[in-house]
K.L.:
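Got a structure here, written out as C-alpha cells. Questions coming.
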Amino acid sequence: MDSTGDVVVPIHLSSTFARRRVGEPTMGLEYSRTGNPTRSALERRLASLENATHALAFSSGMAAETTILLSLLKKGDHVVAGDDLYGGTRRLFESAMKRFGVAFTYVDARTTSRVEGAIRENTKLVWLESPTNPLMRICDIGAISRLAKRRGASTVVDNTFASPYLQNPIDLGASVSVHSTTKYIGGHSDVVGGALMTSDDSLFEPLKFNQNALGAVPSPFDCFMVLRGSKTLHLRMERHSENAQKVAEFLVEQPGVSGVNYPGLRSHPQYSLARRQMRLPGGMLSVELKGGAVAARRFLSRLRVFTLAESLGGVESLVDHPATMTHASVPRAEREKVGITEGLVRLSVGIEDASDLIDDLRSALS
Ligand SMILES: Cc1ncc(COP(=O)(O)O)c(C=O)c1O
C-alpha cells in the first residue's frame, strides 16, 4: 500500500518533480519523460505479465519497435525476420531502418532451418511473430531463440497476437518480447500504446537509455488505461479463445470458404507446436474466401456485428481486409508471395455471445 492507501494507481500528471537537495532527484523522480509514477506502475505490471525482470512502456507498439531497433542495431548490422509480419513493422524495416545501413532478410520462420540458413556473421537480431499477422503461422520460438543465441544474435518476438496470457516468449528463450498494448493488453480499443519486456540486463541498459533519449513515452492517462485493461486480460483471453474456436469450426464447414487459418484447428499445420507453446489458441483467425476480392468485398459489406476496422484485440469483434487495410503498405508482389491474397479476411473475435457472431457470419456468407 502507498502512503495514501490508493486501491487504484492514480494518474500522476506532474511533468516535473521538485528536488529536496541539489544534484539528487527526490525518490528518483526528475522529469516525466524519464520516469513517472503511473508509468512505473504499468511497467511493473507488464514485466510480471511476461515473467520478465524489466519492462518499458511506449506511446505505441511502433514506438517500442523503433526503440528496440535504434538501441540494438548500428550501420552494417543484419536482421533475419519472419516473412509474414504486421505491415507497419515491415514498413519500419524497409522505409526507415534500411536508410541507416541495416539489412533485412525475410524467411518463412515456420521452418527453423530456414532461419538458421539466413543468419550471417553480422546478424544481430532475429525478429519473429507467432502467430503471424495475418496468416496465423506458428514458429518454434524456443528452437529459434536457442540457435540465434549460439550464433550471437538476440531474438525479439512480437507477442501482440497471443498476449502474455497465452504465450511467454522470454520463458521460451527469447531475449525481448514486444507488444502493441493497443491490442489485447489494453483490450478495449480505447488507447494506443506499446511495451517491451526483457530479462537481459545488457539489452535493458541501452533500451532504457533510449526510452528517455528517443522520448516515445506514453502519457500518464494512457498508462492508466492500459493498467486498467490489463486487469481483465486473463478473463478476456479465455473468452476470446472460446469464441474464436467456435467461429473457426463454423467457418471451415462453409461452402464459400476455401481455408481457415486458426491454430486451434487440428487441420492447422503447426497445431501441435501451438499447443506446446501457447496456453490457448487465441482470438485471431483469418479466412480465405472463394471468389477473391469480389467475395471479400461482399462479405465485408454485409457484416453487422463485426465492425470493419483496423486493429484487433478489443472486446468487440473486428474484421480487416489485410490487402487494402493493415497490409496495404506491403508491396503487392511481396504480399502475394507470402499468401496475403485479395480474398483473405482477418477476424479479431471479441467476447460477445458466440451465437450472435456466428449468425452474423452466416448471413454475410449466404
Ligand atoms: C502484430 C502487431 N505488432 C505491432 C503493431 C503496431 O502497434 P501500434 O499500432 O500500437 O503502433 C501492430 C498494430 O496493428 C500489430 O498488429
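In each ligand, atom 1 is the first atom listed, and ligand 1 is the first ligand listed.
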K.L.:
Could you identify the single nearest non-hydrogen protein atom to atom 15 (C) of ligand 1 and state the distance to 0.1 Å?
P.N.:
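Minimum-distance protein heavy atom for atom 15 (C) of ligand 1 reads Tyr86 CG, 3.6 Å.
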K.L.:
Looking at Gly193, which atoms of ligand 1 are within less than 4.0 Å of one of its heavy atoms?
P.N.:
10 (O)
K.L.:
Checking Arg33 side chain against Asn212 main chain: does a donor-acceptor pair fall under 3.5 Å?
P.N.:
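Present.
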K.L.:
Is any N or O atom of Glu129, backbone or side chain, closer than 3.5 Å to an N or O atom of ligand 1?
P.N.:
no
K.L.:
At what distance is the nearest protein heavy atom to atom 2 (C) of ligand 1, and which residue and atom is it?
P.N.:
Asp158 OD2, 3.5 Å
K.L.:
Kindly give the heavy-atom pair with the smallest separation between Asp77 and Lys124, and that separation in Å.
P.N.:
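Residues Asp77 and Lys124, closest heavy atoms: OD1-NZ, 3.0 Å.
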K.L.:
Purely on distance, is any nitrogen or oxygen of Leu312 under 3.5 Å from one on ligand 1?
P.N.:
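No - when backbone and side-chain N and O of Leu312 are compared with those of ligand 1, no distance drops under 3.5 Å.
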K.L.:
Who's closest to atom 16 (O) of ligand 1 heavy-atom-wise, of Leu85, Asn159, Asn133, Thr89?
P.N.:
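Ranked by closest heavy atom to atom 16 (O) of ligand 1, first place is Asn133.
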K.L.:
Looking just at side-chain N and O atoms, do Asp140 and Thr112 make a donor-acceptor pair shorter than 3.5 Å?
P.N.:
no
K.L.:
Is it the case that the side chains of Thr89 and Glu65 hold a donor-acceptor pair, with the cut-off being a distance below 3.5 Å and no angle test?
P.N.:
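The answer is yes; a qualifying pair exists.
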K.L.:
Check the side chains of Ser95 and Arg91 for a donor-acceptor pair under 3.5 angstrom, ignoring hydrogens and angles.
P.N.:
no
K.L.:
Under a 3.5 Å cutoff, is there a donor and acceptor pairing between the side chains of Thr160 and Asp158?
P.N.:
yes
K.L.:
Heavy atom to atom 9 (O) of ligand 1, shortest distance: which of Met62, Arg346, Glu65, Lys183 holds it?
P.N.:
Lys183
